[in-house]
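Structure first, commentary second.
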Amino acid sequence: MKFARFAASSEVLQGVAAGNVLKEIEGNIFDHWNYTGRSFSQEEVKLLAPLEPNQIIGIGANFVTKTEEFPEALPDIPVFFFKPTSSVIGPDDDIVMPAAINEVKFESELAVVIGKDTKNVTPSEALDYVFGYTVGNDVTAPQYFREDNHWMVGKSFDTFTPLGPYLETELNPLEARVKASLNNIEKQNSSTALMIVPIQEMIAYLSRVMTLKKGDVLLTGSPAGAEMVTAGSTITCAVEGIGDLTNSFVKAKEATEPVSYK
């Protein structure tokens, strides 16, 4: 089932996608909801990010290019980071690059949406706590990384986390293909089977650190092929079985981002 959020006239609504039609629903998708009886053609609405995340957690450097590159053991402490919910945008929204830099990096990813409180679960249990999946783009400005690899600022600018187009509840996340095309040229195309830290291990590890809540979004890493892009470019991130997430890059009009104090 594909859940969506969308704007119709001045309303922000929820729905279930059925072909080219969005069937409006009311209620909480994580607990209880009903159809309202209203339907909308996708041409008459604007798709939004399919949920408003509770929090966003990403993982870095989580793909190999071939099975021979897998490490002998999982990392003791995976490289996790937070992204602010204020960075979320939806399909066809502009990614606004800071005015002080000329390029940023796209990173197409499978995004996992937690469906219920998750604490101290085992890897074999982990997927039972997942509500569904969407496509994410972990946009990054590495120019704002600290020399000691502190990533927060470079990951946190407004518009740096596109999500969409749908929240799909029926997907095999262990064999999904993550793709990206830059200006219609394919740059990424990899199976989630090449993740170093698999999704179920990721959830289990995090659940030993914190209680994951319904609506938390986990960005599970980006395959090889992500690269720096300039304003005027268009990126389409995709996961087979979910859909395409397209956004364009524009330059901020004013330099309001933090400056270096070195």
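In this chain, numbering begins with 1 at the start of the sequence shown.
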Subject >> Taking every non-hydrogen atom, the tightest pair across Phe157 and Ser87 >> reply: O-CB, 3.4 Å

Subject >> For the student: nearest non-hydrogen atoms of Thr234 and Ser248, plus distance >> reply: OG1-OG, 3.1 Å

[X] versus [Y]: any side-chain heavy-atom pair under 4.5 Å?
| X | Y | answer |
| --- | --- | --- |
| Ser207 | Tyr129 | no |
| Pro198 | Leu74 | yes |
| Pro223 | Leu194 | no |

Original post:
Which distance, rounded to the nearest 0.5 Å, do you find between the CG of Leu212 and the CG of Asn54?
Top reply: 9.5 Å

**OP:** Determine, using the 4.5 Å side-chain heavy-atom cutoff (strictly less than), whether Val130 and Met195 are members of one ILVMFWY cluster.
**Re:** yes

Subject >> hydrophobic_cluster_shared for Val217 and Leu48, side chain cutoff 4.5 Å >> reply: no

[X]-[Y] side chain donor-acceptor pair, cut-off 3.5 Å:
| X | Y | result |
| --- | --- | --- |
| Glu24 | Thr36 | yes |
| Ser108 | Ser222 | no |
| Thr122 | Glu125 | yes |
| Gln55 | Asp216 | yes |

**OP:** Would you please classify the geometry between the Phe145 ring and the Trp151 ring as parallel, tilted or perpendicular, with 30° and 60° separating the classes?
**Re:** parallel

Original post:
Would Glu107 and Lys155 pass as an ion pair if we require N to O under 4.0 Å?
Top reply: yes

Subject >> Lys214 bridged to Asp117 by N-O distance under 4.0 Å >> reply: no

Subject >> Gln42 side-chain N/O to Leu47 backbone N/O, donor-acceptor pair under 3.5 Å >> reply: no

**OP:** Show your working on salt bridge (charged side-chain N to carboxylate O under 4.0 Å, His left out) between Lys83 and Asp138 and close with a plain yes or no.
**Re:** CA-CA 9 Å; Lys83 298 195 77 172; Asp138 177 21; 2.7 Å; yes

